[in-house]
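In what follows, a single structure is set out as structure tokens and then discussed.
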Amino acid sequence: LVLITDTTEQGRYSQELTQSRNELRMARQQMSRLNYQLDFLARHYLSPEVTDAFLKGDLDLELGGKLQEVSILFADIRDFTPLSEKIPPNQLVQILNTHLGIAAGEIEDFNGTITQFQGDNLIAIFNISGDQPDHVLNAVKAGVALQQAVACYHAQQPPEEAQLCFGVGINTGM
């Protein structure tokens, strides 16, 4: 096998051009993979609105954060601990997921961002991106709506089903 190389000026230029194209193609593939991973992680941990604003560059991220007025909603299932001592774990998880799913849906309907699920409670922030002038009202409406939605859910269940409700607390401040 004989390898013949073009050592003319045009040949060297062609080789450098091919090398550059290959490097650009590899860099583009790596950037595409990293963008996909970033998008996946952002959408997994942030609300769609916050993720879109972040990826478009509309959300300024500052080291140390920034001060702005927000409303925080705390929702906790009442009497969950005594129930958890009486029923099997798989049934307990199903009840917990159902109730927290109902609450999460109502919070998202009023533009809240759930930041934490912890056992039988959750925490949501309203006005996380600083563009909700009615965030206090939205937090209150979400709290009432999630309690009503859980009550409607229980009205459709058999009487022997666990009848749980949420306690809701809301705080607004910087």
Side-chain angles (χ1 to χ4, degrees), residues 29-56 58-59 61 64-66 68-132 134-174:
Q29 290 171 346
Q30 185 177 10
M31 288 293 291
S32 177
R33 189 175 62 252
L34 291 173
N35 281 338
Y36 174 78
Q37 291 172 341
L38 175 63
D39 186 69
F40 173 80
L41 287 172
R43 293 189 190 286
H44 187 72
Y45 291 106
L46 301 172
S47 72
E49 296 82 18
V50 173
T51 301
D52 290 340
F54 171 69
L55 293 175
K56 288 179 187 174
D58 296 339
L59 184 62
L61 300 178
K66 71 176 188 181
Q68 74 181 40
E69 186 178 71
V70 297
S71 294
I72 300 178
L73 180 144
F74 304 89
D76 180 66
I77 298 176
R78 297 296 186 218
D79 300 321
F80 187 75
T81 302
L83 175 69
S84 69
E85 296 168 351
K86 298 176 188 173
I87 62 174
N90 60 340
Q91 187 180 358
L92 184 68
V93 169
Q94 182 181 9
I95 291 170
L96 187 62
N97 286 340
T98 298
H99 285 76
L100 290 175
I102 292 169
E106 297 302 325
I107 288 168
E108 289 174 3
D109 286 349
F110 289 97
N111 301 315
T113 300
I114 297 172
T115 60
Q116 187 173 6
F117 288 100
Q118 187 176 32
D120 65 327
N121 66 59
L122 60 82
I123 299 172
I125 300 177
F126 293 78
N127 199 34
I128 201 164
S129 57
D131 61 355
Q132 295 177 3
D134 54 351
H135 63 90
V136 178
L137 183 59
N138 282 347
V140 172
K141 285 180 177 180
V144 171
L146 74 87
Q147 290 176 325
Q148 290 174 341
V150 168
C152 287
Y153 167 76
H154 286 300
Q156 298 169 0
Q157 301 305 310
E160 66 272 3
E161 190 77 22
Q163 301 286 314
L164 300 174
C165 65
F166 277 94
V168 175
I170 297 170
N171 189 32
T172 299
M174 297 304 282

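What you are looking at is a predicted structure, and each value in this text was computed from that prediction instead of being measured.
Residues Leu100 and Gly119 share a closest heavy-atom pair of CD1-O, 3.7 Å. In plain terms, the two heavy atoms of Asp131 and Asn127 that are nearest each other are N-OD1, 3.2 Å. The two atoms that bring Phe126 and Phe110 nearest to each other are CE2-O, 3.3 Å, heavy atoms only.
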All N/O donor-acceptor pairs, side-chain side in residues 135-156, below 3.5 Å, sequence neighbours left out:
unit_1 : atom_1 : unit_2 : atom_2 : d
His135 : ND1    : Ser71  : OG     : 2.8
His135 : NE2    : Glu69  : OE1    : 3.2
Gln147 : NE2    : Phe166 : O      : 2.9
His154 : ND1    : Ala162 : O      : 3.3
His154 : NE2    : His99  : NE2    : 2.9
His154 : NE2    : Leu164 : N      : 3.2
His154 : NE2    : Leu164 : O      : 2.9

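Distance CG/Leu92 to CD1/Ile87: 4.5 Å, rounded to 0.5 Å. The distance from the CD1 atom of Ile125 to the CD1 atom of Ile123 is 8.5 Å, given to the nearest 0.5 Å.
Side-chain atoms of Ser32 do not come within 3.5 Å of backbone N or O of Gln29 as any donor-acceptor pair. Not a single donor-acceptor pair under 3.5 Å links the side chain of Asn97 to the backbone N or O of Gln94. Side chain of Asn171 to backbone of Ile72: no donor-acceptor contact under 3.5 angstrom is found.
Side-chain atoms of Ile95 and Ile77, non-hydrogen and from C-beta on, never get closer than 4.5 Å to each other. In this structure the side chain of Leu96 reaches within 4.5 angstrom of the side chain of Phe80, judged on heavy atoms. Looking at Leu122 and Leu73, their side chains come closer than 4.5 Å, going by heavy atoms from C-beta outward.
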